[in-house]
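As the structure is a computational prediction, the values presented were derived from the model and not from experiment.
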Amino acid sequence: MAKQIREHEYTGARGNLHFEPYQVGTDKKSRYYIENLISCTTPFPSVMPDGKIKELRFVLQRGKSNIDKFLQQLKTQNQNFPLIPNWESCITNSLWNVEKSPRTPYVDAIELIDFYLSEVADK
């Protein structure tokens, strides 16, 4: 049952909606370094309205053309998109990393926003 839920909720048209596995105590330049993910959660709410953040999660489940349209809409509305350190190549691939198996880190970042405390960011 859990496997079916995970496949349904965390698989999109382009691939896996989780970027994992994240690592602690690894090279800070690694895409898998957990602090890179955490660093994205702080600016997300300040650069993008809540509705757009929720829409992004939905759009990531769709195909490349939907994602490209969403990004173009943000650009037209002069809204910034939070960049994640060492994940720059994801932006050029419509928010997906395609080196091995297609996956995106942005759903992980969006989900972490609900649990992330601003006090942690200040430390």
Side-chain angles (χ1 to χ4, degrees):
M1 179 73 154
K3 183 179 178 182
Q4 292 171 330
I5 292 171
R6 186 175 174 106
E7 285 177 6
H8 181 264
E9 292 295 319
Y10 298 108
T11 302
R14 298 198 69 200
N16 192 340
L17 296 173
H18 277 294
F19 195 76
E20 64 192 9
Y22 294 102
Q23 300 169 348
V24 177
T26 188
D27 181 9
K28 292 181 181 185
K29 293 181 182 178
S30 168
R31 289 187 184 135
Y32 303 97
Y33 185 54
I34 190 67
E35 292 295 327
N36 290 334
L37 177 69
I38 291 171
S39 72
C40 180
T41 61
T42 304
F44 237 121
S46 63
V47 300
M48 191 180 289
D50 286 344
K52 285 289 184 190
I53 294 171
K54 291 176 184 175
E55 183 181 352
L56 173 61
R57 190 189 191 293
F58 178 75
V59 167
L60 286 168
Q61 293 175 322
R62 306 296 174 241
K64 182 180 185 314
S65 65
N66 295 80
I67 298 166
D68 290 340
K69 286 177 189 175
F70 179 81
L71 292 174
Q72 184 60 42
Q73 181 184 46
L74 287 179
K75 186 177 180 179
T76 302
Q77 296 172 347
N78 292 321
Q79 292 183 341
N80 294 319
F81 190 83
L83 300 178
I84 302 173
N86 300 310
W87 291 350
E88 291 82 3
S89 68
C90 293
I91 298 300
T92 60
N93 289 308
S94 297
L95 309 180
W96 286 80
N97 178 300
V98 293
E99 289 176 351
K100 294 181 182 175
S101 60
R103 54 196 170 158
T104 182
Y106 284 98
V107 172
D108 294 332
I110 290 167
E111 289 186 351
L112 189 58
I113 290 169
D114 292 335
F115 302 101
Y116 188 70
L117 302 173
S118 60
E119 295 87 28
V120 175
D122 295 336
K123 291 184 180 181

**Message:** When you compare the side chain of V107 with that of Q61, does any pair of heavy atoms fall below 4.5 Å?
**Reply:** no
**Request:** Any pair with a residue in residues 39-48 that passes salt bridge (Lys or Arg N to Asp or Glu O under 4.0 Å), sequence neighbours left out, goes on the list, sorted by first then second residue, please.
**Result:** none
**Asked** With sequence neighbours excluded, what pairs up with Y33 under the side chain to side chain donor-acceptor pair (under 3.5 Å) test?
**Response** none
**Message:** Going by the rule salt bridge (charged side-chain N to carboxylate O under 4.0 Å, His left out), which residues pair with K64 if we only count those two or more places apart in sequence or in a different chain?
**Reply:** D68
**Fill in**
When rounded to the nearest 0.5 Å, the distance separating NZ of K54 from CG of D50 is 6.0 Å
**Item:** OH on Y22 to CG on L37, rounded to 0.5 Å
**Value:** 4.5 Å
**Message:** Could you work out, with side chain to side chain donor-acceptor pair (under 3.5 Å) as the rule, every residue matching E111, not counting sequence neighbours?
**Reply:** Y10, R57
**Request:** Evaluate the side-chain proximity of L95 to L56: yes if any heavy-atom separation is below 4.5 Å, no if none is.
**Result:** yes
**Results of side chain to side chain donor-acceptor pair (under 3.5 Å) for Q79 - residues two or more places apart only** = none
**Message:** Please give me the minimum heavy-atom distance between T41 and A109, naming the atom from each residue.
**Reply:** CG2-O, 3.6 Å
**Prompt:** Same cluster for I67 and F58 if Ile/Leu/Val/Met/Phe/Trp/Tyr side chains link at under 4.5 Å?
**Reply:** no
**Request:** Name all residues meeting the side chain to side chain donor-acceptor pair (under 3.5 Å) criterion together with N66; count only those two or more places apart in sequence or in a different chain, and write none if there are none.
**Result:** none
**Message:** Distance check, rounded to the nearest 0.5 Å: I110 atom CD1 versus T104 atom OG1?
**Reply:** 8.0 Å
**Request:** Starting from the C-alpha separation in whole Å, work towards a yes-or-no answer on side-chain contact (heavy atoms from CB on, under 4.5 Å) for K69 and V59.
**Result:** CA-CA 9 Å; K69 286 177 189 175; V59 167; over 6 Å; no
**Request:** Go through the structure and list residues passing side chain to side chain contact (heavy atoms under 4.5 Å, CB included) with Q73, not counting sequence neighbours.
**Result:** K52, E55, F70, Q77
